[in-house]
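By convention in this document, chain letters (A, B, ...) are assigned in the order of the sequence lines, proteins followed by strands, and residues within each chain are numbered from 1. As the structure is a prediction and not an experimental result, all values here were calculated from the model.
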Amino acid sequence: MTTTLDKINTHYGYVFENELIEEINYVANLRKLNEGDAIISYGDTIKYMPLLIKGSIKVFREDEKGNEVLLYYLEKGDTCAMSLSCCLGNKKSTIQAVVEEESEVLLIPINYMNEWICKYETWKSFVFNSYNSRFDEMLKVIDSLAFMKMDERLLKHLNDKCMITGSFELSVNHRELALELNSSREVISRLLKKMELDGKIVLKRNLIVLNESEV
DNA sequence: ACATTAAGTGATT
DNA sequence: AATCACTTAATGT
């Protein structure tokens, strides 16, 4: 049986000093999350900061008209930059986080945020680095929205999904993909069909198999 | 066998 | 590239 402490150690052991790990172990709550769970919705007040142990989570942002944009994915070893900024400013969430794959997270009450930033150098740089890498990822999203065509975006998206799940087989339907890329189901279906004819992928119901040599 | 949901397609904007 | 209207195919009950 792996304890919570083991889990913290395997994923964050190299990042944090022992004292901090023990403190995390003491205050954090380990939670299992199922696929599709919305852990944070728009307007929620954030009370916990999530440290991802296992699985992946996708983070969306919604505009006034209800259009959603996929901002970034969180994987094990990541934390959510949004919750960081929410914690610091005590603001409400302007994002939605949905579990992509069954996950495990450590929930840390936000009052430790400030304390630890002063107390632990490693925590400070962890927070800082998280901000940095999320920022970079969001710049990529902006690039892709501004400059890439739908077919390129779709291909990239499929690749991203493969990276995250570590598999060439993706169980998704076209509607979901359309939602994630804020496109429409028909457009996605047509582009996928074209990719299949080009031999890049194989399409089944609720399943897309990527050709390894094309990735 | 029937209902439901996913995917494919042509036409229109 | 999006939307509509419709068809066809796969899957669940």
Side-chain angles (χ1 to χ4, degrees), chain A residues 31-44 50 52 54-76 78 80-82 92-105 133-215:
Chain A
R31 276 263 298 278
K32 261 189 184 293
L33 303 167
N34 295 316
E35 191 182 328
D37 285 357
I39 46 173
I40 297 168
S41 287
Y42 309 107
D44 283 2
L52 214 54
K54 187 186 136 198
S56 59
I57 290 173
K58 52 185 173 183
V59 176
F60 285 101
R61 167 137 175 95
E62 193 184 55
D63 72 3
E64 319 79 51
K65 289 167 205 122
N67 302 314
E68 286 193 323
V69 183
L70 180 62
L71 293 182
Y72 48 79
Y73 285 101
L74 299 175
E75 289 179 82
K76 55 178 181 293
D78 287 338
C80 176
M82 191 59 212
K92 289 190 171 166
S93 170
T94 51
I95 55 102
Q96 184 179 36
V98 178
V99 178
E100 168 97 351
E101 282 182 293
E102 187 184 290
S103 305
E104 278 179 25
V105 291
S133 56
R134 289 313 128 209
F135 194 81
D136 281 347
E137 280 195 54
M138 287 203 274
L139 285 181
K140 282 187 202 152
V141 172
I142 292 174
D143 282 347
S144 116
L145 284 174
F147 306 121
M148 284 167 74
K149 297 194 184 81
M150 200 60 232
D151 54 347
E152 293 173 305
R153 289 179 57 204
L154 176 60
L155 191 61
K156 183 181 176 303
H157 188 66
L158 292 176
N159 275 316
D160 285 352
K161 271 190 175 304
C162 282
M163 298 288 268
I164 280 161
T165 54
S167 156
F168 290 104
E169 300 196 354
L170 303 172
S171 11
V172 278
N173 59 42
H174 302 180
R175 211 209 55 177
E176 257 178 83
L177 289 173
L179 214 71
E180 287 166 354
L181 291 167
N182 46 5
S183 175
S184 58
R185 203 263 312 156
E186 295 92 320
V187 171
I188 297 297
S189 289
R190 286 183 171 121
L191 291 173
L192 286 172
K193 197 79 216 165
K194 205 186 295 166
M195 290 171 68
E196 187 179 36
L197 290 172
D198 289 345
K200 291 181 182 147
I201 56 174
V202 176
L203 296 174
K204 301 260 172 60
R205 184 183 240 240
N206 281 313
L207 185 76
I208 299 173
V209 184
L210 284 263
N211 181 345
E212 301 188 26
S213 58
E214 293 288 340
V215 183

[X] side chain, from C-beta outward: closest of [options]:
X: A:Ser189; options: C:dA1, B:dG8, C:dT3; answer: B:dG8
X: A:Val187; options: B:dA7, C:dA5, C:dA2; answer: C:dA2
X: A:His174; options: C:dT3, B:dA7, C:dA2; answer: B:dA7
X: A:Arg205; options: C:dA1, C:dT11, C:dA5; answer: C:dT11

Atom-to-atom span, [atom1] of [X] to [atom2] of [N] - whole angstrom:
X: A:Lys204; N: C:dT11; atom1: NZ; atom2: P; value: 10 Å
X: A:Asn173; N: C:dG12; atom1: CG; atom2: P; value: 14 Å
X: A:Leu191; N: B:dG8; atom1: CG; atom2: P; value: 12 Å
X: A:Lys193; N: C:dT8; atom1: NZ; atom2: P; value: 15 Å
X: A:Leu179; N: C:dT3; atom1: CG; atom2: P; value: 12 Å
X: A:Arg185; N: B:dG10; atom1: CZ; atom2: P; value: 14 Å
X: A:Arg190; N: C:dA1; atom1: CZ; atom2: P; value: 12 Å
X: A:Leu207; N: C:dA10; atom1: CG; atom2: P; value: 14 Å

Over its full length, what angle do the end axes of the helix from B:dA1-C:dT13 to B:dT13-C:dA1 make, each axis taken from five pairs and the result rounded to 10 degrees?
10°

Results of salt bridge (Lys or Arg N to Asp or Glu O under 4.0 Å) for A:Glu196 - residues two or more places apart only
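Per chain and number, A:Glu196 pairs via salt bridge (Lys or Arg N to Asp or Glu O under 4.0 Å) with A:Lys193.
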
Quick one: pull up CZ in A:Arg61 and OH in A:Tyr42 and give me the separation to the nearest 0.5 Å.
8.5 Å

A:Ile57 and its side-chain contact (heavy atoms from CB on, under 4.5 Å) partner, picked from A:Val98, A:Ile164, A:Asp37, A:Leu33
A:Leu33

Give a yes-or-no answer on whether the side chains of A:Glu101 and A:Ser56 include a donor-acceptor pair shorter than 3.5 Å.
yes

